[in-house]
2 protein chains.
Amino acid sequence: MNAVSNRKPDYERLLRKAGVRVTRPRKVIVGILTQSDDHPDALEIFKRAVAIDKTISLSTVYRTMKLLESMGAIHRHAFEGGPSRFEQAGGDHHDHLIDLDTGDVIEFKSDRIEQLQDEIARALGYEIIHHRLELYGRKKKSSG
Amino acid sequence: MNAVSNRKPDYERLLRKAGVRVTRPRKVIVGILTQSDDHPDALEIFKRAVAIDKTISLSTVYRTMKLLESMGAIHRHAFEGGPSRFEQAGGDHHDHLIDLDTGDVIEFKSDRIEQLQDEIARALGYEIIHHRLELYGRKKKSSG
DNA sequence: GCAAAGATGCCATTCATTTGCAACTGGATG
DNA sequence: CATCCAGTTGCAAATGAATGGCATCTTTGC
């Protein structure tokens, strides 16, 4: 388990490469993603977007997230009991620890766990396409 | 990783113990759960219930699942891209491998992974309340 | 058996997300 | 730089899962 790097993708380049238009709403949204280090949901991204350009609609946020996801530029996480939350792709693969009290998301990584998952799948005759490992926990009060 | 035992809870006893009524719809629903070895969603349970008693409503299925869940008699799983699916509690803890082609759910268990999860959470200053580990995969064709 | 608390069925509602559609606009072309 | 039009957008209505309100029924304690 260790820290996770996070180089940001060049979204505009990716959009052009995907052959879709680089529109004003899309620029605003990817700009927000670039500046975000948290895991906002669609509504939160919408709010941040409206602060920059008040004509942007929530539909467009949803459509853009779906587009970026299909391009592999972002990851969607459906943590339990809430809307999907998004994060930029491009960093190393990692899993998530969700703070049940604050909703904060902490990233972690364990090669050992990944390896064990592969072994399990192989033993069952399966190939893992992707996986989801989420720890839901509370901060330990170390002394008081 | 190994097979998972599955002793079925005595739902009617549990209901009485919880101080709620053992009604006709509830009997039908827990009867279905007792006979199920899969991971049906609410609609599927509803269909099976209606086949036995056509007056049962989907609302009651949802209410009953929620009730059983709060009693700890069943577990709810929100696998990606679909409605919640349910399984009886009472077996050992286990995680899930979801067959992306069929939707089949295979249960597995790894003490080693659980242990690593605990270590990770501890290192981050957290106590795990619960976790979710899902592998999404496809069957390997071993020869043809 | 009876009454009252609890459950049910039905329907409307919520919440997250998607879709239909007319109006708009990137960006390739001339 | 004007034109054009497929790709996009905003809006509103639709969807799908799940919940809530409420009048009516039904367990269960007496």
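Letters A, B, ... mirror the listed sequences (proteins, then strands); counts begin at 1.
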Check your understanding: Of A:T55 and B:P83, whose closest DNA chain D nucleotide lies nearer the 5' terminus?
Key -> A:T55
Practice item. Indicate, with a heavy-atom threshold strictly under 4.0 Å, whether B:L58 touches base, sugar-phosphate, or nothing. Key: nothing
**Study point:** Trace of the side-chain contact (heavy atoms from CB on, under 4.5 Å) decision for A:V61 with A:M65
**Key:** CA-CA 6 Å; A:V61 172; A:M65 300 326 280; 4.2 Å; yes
Practice item. Return the value, rounded to whole Å, for the distance between atom CE of B:M65 and atom P of D:dA17. Key: 16 Å
Practice item. Verify the contact: side-chain N or O of A:Y62 to OP1 or OP2 of C:dT18, cut-off strictly under 4.0 Å; return yes or no. Key: no
Review point. Under 6.0 Å between the ring centres of B:H93 and B:H131?
Key: yes
Point to revise | Protein-nucleotide distance (B:D41, atom CG; D:dG16, atom C1'), rounded to Å | key: 12 Å
Review point. Is there a donor-acceptor pair closer than 3.5 Å between any side-chain N or O of A:T34 and the backbone N or O of A:V30?
Key: yes
Check your understanding: If only atom types and distance count, is the side chain of A:E69 paired as donor or acceptor with the main-chain N or O of A:R76 below 3.5 Å?
Key -> no
Check your understanding: Can a salt bridge be assigned to the pair A:E134 and B:R132 using a cut-off of 4.0 Å between side-chain N and carboxylate O?
Key -> yes
Exercise for review: Take the protein atom CZ of B:F79 and the nucleotide atom P of D:dA17, then report the distance between them rounded to whole Å.
Suggested key: 16 Å
Check your understanding: To the nearest angstrom, how far is B:K54 atom NZ from C:dT8 atom P?
Key -> 19 Å
Review point. From the list C:dC11, D:dT9, C:dT17, which nucleotide is the closest neighbour of the side chain of B:S59?
Key: C:dC11
Check your understanding: Do B:S84 side-chain and D:dA17 base share a donor-acceptor contact under 3.5 Å?
Key -> no
Check your understanding: Taking atom types as they are modelled, is there a donor-acceptor pair under 3.5 Å from the base of D:dG20 to the side chain of B:R63?
Key -> no
Review point. Base, sugar-phosphate, or nothing: which does B:L43 touch, judged by heavy atoms less than 4.0 Å apart?
Key: nothing
Review point. Quick one: do A:D41 and A:R85 make a salt bridge, cutoff under 4.0 Å?
Key: no
Exercise for review: Give the rounded distance in Å between these two atoms: CG of B:L67 and P of C:dG6.
Suggested key: 13 Å
Review point. Using the benzene-type ring in the case of Trp, are the ring centres of A:F79 and A:H96 under 6.0 Å apart?
Key: yes
Review point. Can you find a side chain N or O atom of B:K66 that sits less than 4.0 Å from OP1 or OP2 on D:dT19?
Key: yes
Review point. Which parts of residues 14-31 of chain B get close to DNA chain C, meaning a heavy atom less than 4.0 angstrom away?
Key: B:V20, B:R21, B:T23, B:P25, B:R26
Practice item. Take the protein atom CD1 of B:I56 and the nucleotide atom P of D:dC25, then report the distance between them rounded to whole Å. Key: 18 Å
Check your understanding: Rounded to whole angstrom units, what separation is found between the CD atom of B:E80 and the P atom of D:dG16?
Key -> 19 Å
